[in-house]
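Report on the structure given below.
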There are 2 protein chains.
Amino acid sequence: MVVGEDGADLVFHALADATRRDILTRVSRAGQSVSALARLYPMSFAAVQKHVAVLERAELVTKERRGREQIVHGNPSALRDVVGGLMDTYERIWRQRADRITELLQEET
Amino acid sequence: MVVGEDGADLVFHALADATRRDILTRVSRAGQSVSALARLYPMSFAAVQKHVAVLERAELVTKERRGREQIVHGNPSALRDVVGGLMDTYERIWRQRADRITELLQEET
DNA sequence: CTCACCTACAACCATGTGGTTGTACGTTAG
DNA sequence: CTAACGTACAACCACATGGTTGTAGGTGAG
């Protein structure tokens, strides 16, 4: 972990926190300023800002400057790419295993 | 985060490490003993054992004692439940947003 | 039976993480 | 212009994490 923070590491780490998942859900529905988000959680503004930064580094959200506010938007493609990609992989492995089991059963018949 | 480690926290945290994702992929294809896994990575047996423990706590793998070895198996249902559930959520939000956009466009017509 | 192997776990260390407070700076409202 | 707001970032703290080594217990091979 010293080096080699690939995209999947960043995305899964970003998702491994209930507050960040909640932020992601909210901004996916509608963009929110950082301070508007900060008011929702029982923690300091700076803490929420850090959570947003983690989501941003994972490219799960983007920020759009609007006047003096910074509007956070959800970026669904990163999520679909990484998480969906992983699901595909396991789906494929699982299906191959099912096929193999079927094959073995047929051999025994 | 002091308290409240729900299933999703555990699953995503478990996936936020390339070594653990690799272990999960391998054991999903075919069960492996802990020591067989340990030989694959440039780290101590104890370190790999800890990685397996993290996957086990997230219920992404199960262990089956077989003689003096402990065989690690992949457990795809946990992955599908949590990750698939999240994907569903965002899929739904995304679709609603698309609907809303369509709606707005129609109103303007 | 004895020895080697597989596993488990504790103790320890360096670093990362999530939280805090404080400071600084740009922008907008009045 | 000035004051308040929104943001960014640094410094700091407690604790978790990922790694190490060492010790100990079960189990199987010879």
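Note that this is a predicted model, so its numbers are computed, not measured. Chain A is the first sequence line, chain B the second, and so forth, proteins listed ahead of strands; every chain is numbered from 1.
Residue A:Gln49 is the one, among B:Val54 and A:Gln49, whose nearest nucleotide of DNA chain D lies closer to the 5' end (criterion: closest heavy atom). For B:Ala46 and A:His51, each mapped to the nucleotide of DNA chain C holding its nearest heavy atom, the one lying further toward the 5' end belongs to B:Ala46.
Follow the hydrophobic side-chain contacts under 4.5 Å out from B:Leu37 and you reach B:Leu15 in the same cluster. Using a 4.5 Å cut-off between side-chain heavy atoms of Ile, Leu, Val, Met, Phe, Trp and Tyr, with links allowed through other members, B:Leu60 and B:Val48 fall into the same hydrophobic cluster. Grouping the Ile, Leu, Val, Met, Phe, Trp and Tyr side chains by contacts below 4.5 angstrom, directly or via other members, places A:Val52 with A:Met43. A:Val61 and A:Ile71 end up in different hydrophobic clusters when Ile, Leu, Val, Met, Phe, Trp and Tyr side chains are linked at under 4.5 Å. Both A:Val27 and A:Phe45 are members of a single hydrophobic cluster when ILVMFWY side chains are connected at heavy-atom separations under 4.5 Å.
Nearest heavy-atom pair, B:Gly74 versus B:Ser28, reported as atom, atom and distance to 0.1 Å: CA-OG, 4.1 Å. Here the closest heavy-atom approach between residue B:Arg20 and residue B:His13 is recorded as NH2-O, 3.1 Å. Between B:Leu55 and B:Leu24, the closest heavy-atom pair is CD1-N, 4.4 Å. The two residues A:Val34 and A:Gln49 come nearest to each other via the heavy atoms CG1-CA, 4.3 Å.
The CZ-P distance, from B:Phe12 to D:dA16, rounds to 22 Å in whole Å. Following rounding to the nearest Å, B:Lys50 (NZ) and C:dT7 (P) show an atom-to-atom distance of 17 Å. Taking atom CG of residue A:Asp9 and atom C1' of nucleotide C:dT15, one finds them 16 Å apart after rounding to whole Å. When rounded to the nearest whole Å, the span between CD1 of B:Ile71 and P of D:dT27 equals 15 Å.
More than 12 heavy-atom neighbours from other residues, nucleotides or ligands sit within 6.0 angstrom of CD on A:Glu56.
At a non-hydrogen distance threshold of 4.0 Å, B:Gly67, B:Arg68 from residues 62-70 of chain B come into contact with DNA chain D. A heavy atom lying under 4.0 Å from DNA chain C marks the following residues of residues 22-45 of chain A, by number: A:Met43, A:Ser44.
Between B:Asp22 and B:Arg26 there is a salt bridge, with a side-chain nitrogen of the basic residue lying less than 4.0 Å from a carboxylate oxygen of the acidic one.
Within the 4.0 angstrom heavy-atom criterion, no nucleotide atom of any strand lies near A:Ala53.
From one end of the helix from C:dC1-D:dG30 to C:dG30-D:dC1 to the other, with five pairs defining each end axis, the axis direction shifts by 30° (rounded to 10°).
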